[in-house]
Amino acid sequence: MEAVQGVFELVNKTTQLFEEIHEYAWYLTDSFPHFFIPRIEKKINDGVSFRFVYPENLGKSPMFDLPERILNAVETRSIDEVKIVINVSDRFGLLALPGLDGKIDRDDALIGYDSRFKDWCKEVFEYYFKTSSQC
């Protein structure tokens, strides 16, 4: 388990880890990382499956910039509100919790590589995925 502190450190770390994803990547998040769109498209072409759960207030789909064939390859769902961030892939799991102000704290996150932590992140994500609405 690794604690990552600082939003730039977190972006750098997740960008590095993103390159190592080979099978799947699931995201429960309150925002969409648009700068990842070219990387997502490449990974989809490499056979990686993606799932996103995001809050309804982001609109119909935060990935409107993607070509139709890519949009069709990504499972997107929405829920009323997202209060935590869970990213899970075949390579790592990531957890970011709310700070004292109730907003997701992107200055502190936990990243784990062992199967126990990844499985826990997967279970949490699947709970939100099952209770979300299809976009």
Within the distance-only criterion (no hydrogens, no angle test), does the side chain of [X] pair as donor or acceptor with the backbone N or O of [Y] below 3.5 angstrom?
X	Y	result
N87	L94	no
D107	Q5	no
K122	G93	no
Y24	S89	yes

Report the C-alpha distance between D30 and I84 in whole Å, list the side-chain angles of each, state the deciding distance to 0.1 Å, and finish with yes or no for side chain to side chain contact (heavy atoms under 4.5 Å, CB included). CA-CA 8 Å; D30 64 339; I84 63 172; over 6 Å; no
Are V48 and E23 close enough, and set up right, to give a side chain to side chain contact (heavy atoms under 4.5 Å, CB included), and what steps lead you there? CA-CA 5 Å; V48 174; E23 297 173 27; over 6 Å; no
Just verifying a value: how many Å separate [X] [atom1] and [Y] [atom2], rounded to the nearest 0.5 Å?
X	Y	atom1	atom2	answer
S132	E126	OG	CD	11.5 Å
E2	L110	CD	CG	9.5 Å
W26	Y128	CH2	OH	15.5 Å
I37	E41	CD1	CD	9.0 Å
L100	D105	CG	CG	8.5 Å
I21	R91	CD1	CZ	9.5 Å

Compare all side-chain heavy atoms of [X] with those of [Y] and state whether any distance is below 4.5 angstrom.
X	Y	answer
L17	I111	yes
I104	K83	no
L95	V85	no
E81	P55	no
E20	D90	no
E56	D80	yes

Not counting sequence neighbours, which residues clear salt bridge (charged side-chain N to carboxylate O under 4.0 Å, His left out) with R51? List them please. E75
With sequence neighbours left out, the residues meeting side chain to side chain contact (heavy atoms under 4.5 Å, CB included) with N12 are none
ring-ring contact (aromatic ring centres under 6.0 Å, His included) with F117: which residues, sequence neighbours excluded? none
Do you know which of F125, F52, F18 makes ring-ring contact (aromatic ring centres under 6.0 Å, His included) with Y27? F52
Do M1 and I86 sit in the same hydrophobic cluster, where Ile, Leu, Val, Met, Phe, Trp and Tyr count as joined when their side-chain heavy atoms come under 4.5 Å apart? yes
Could you state whether V82 and L97 fall into the same hydrophobic cluster, counting links through intermediate Ile, Leu, Val, Met, Phe, Trp or Tyr residues with side-chain heavy atoms under 4.5 angstrom apart? yes
Looking only at heavy atoms, which two atoms of K13 and V4 are closest? And how far apart? CG-CG2, 4.4 Å
Might you point out which heavy atoms bring S31 and R106 nearest each other, and give the distance in Å? OG-NH2, 3.4 Å
Hey, do the aromatic rings of Y113 and F92 have their centres closer than 6.0 Å? no
Go through the steps to decide whether D46 and K42 satisfy the test salt bridge (Lys or Arg N to Asp or Glu O under 4.0 Å), and finish with yes or no. CA-CA 6 Å; D46 292 343; K42 180 186 178 309; 3.0 Å; yes
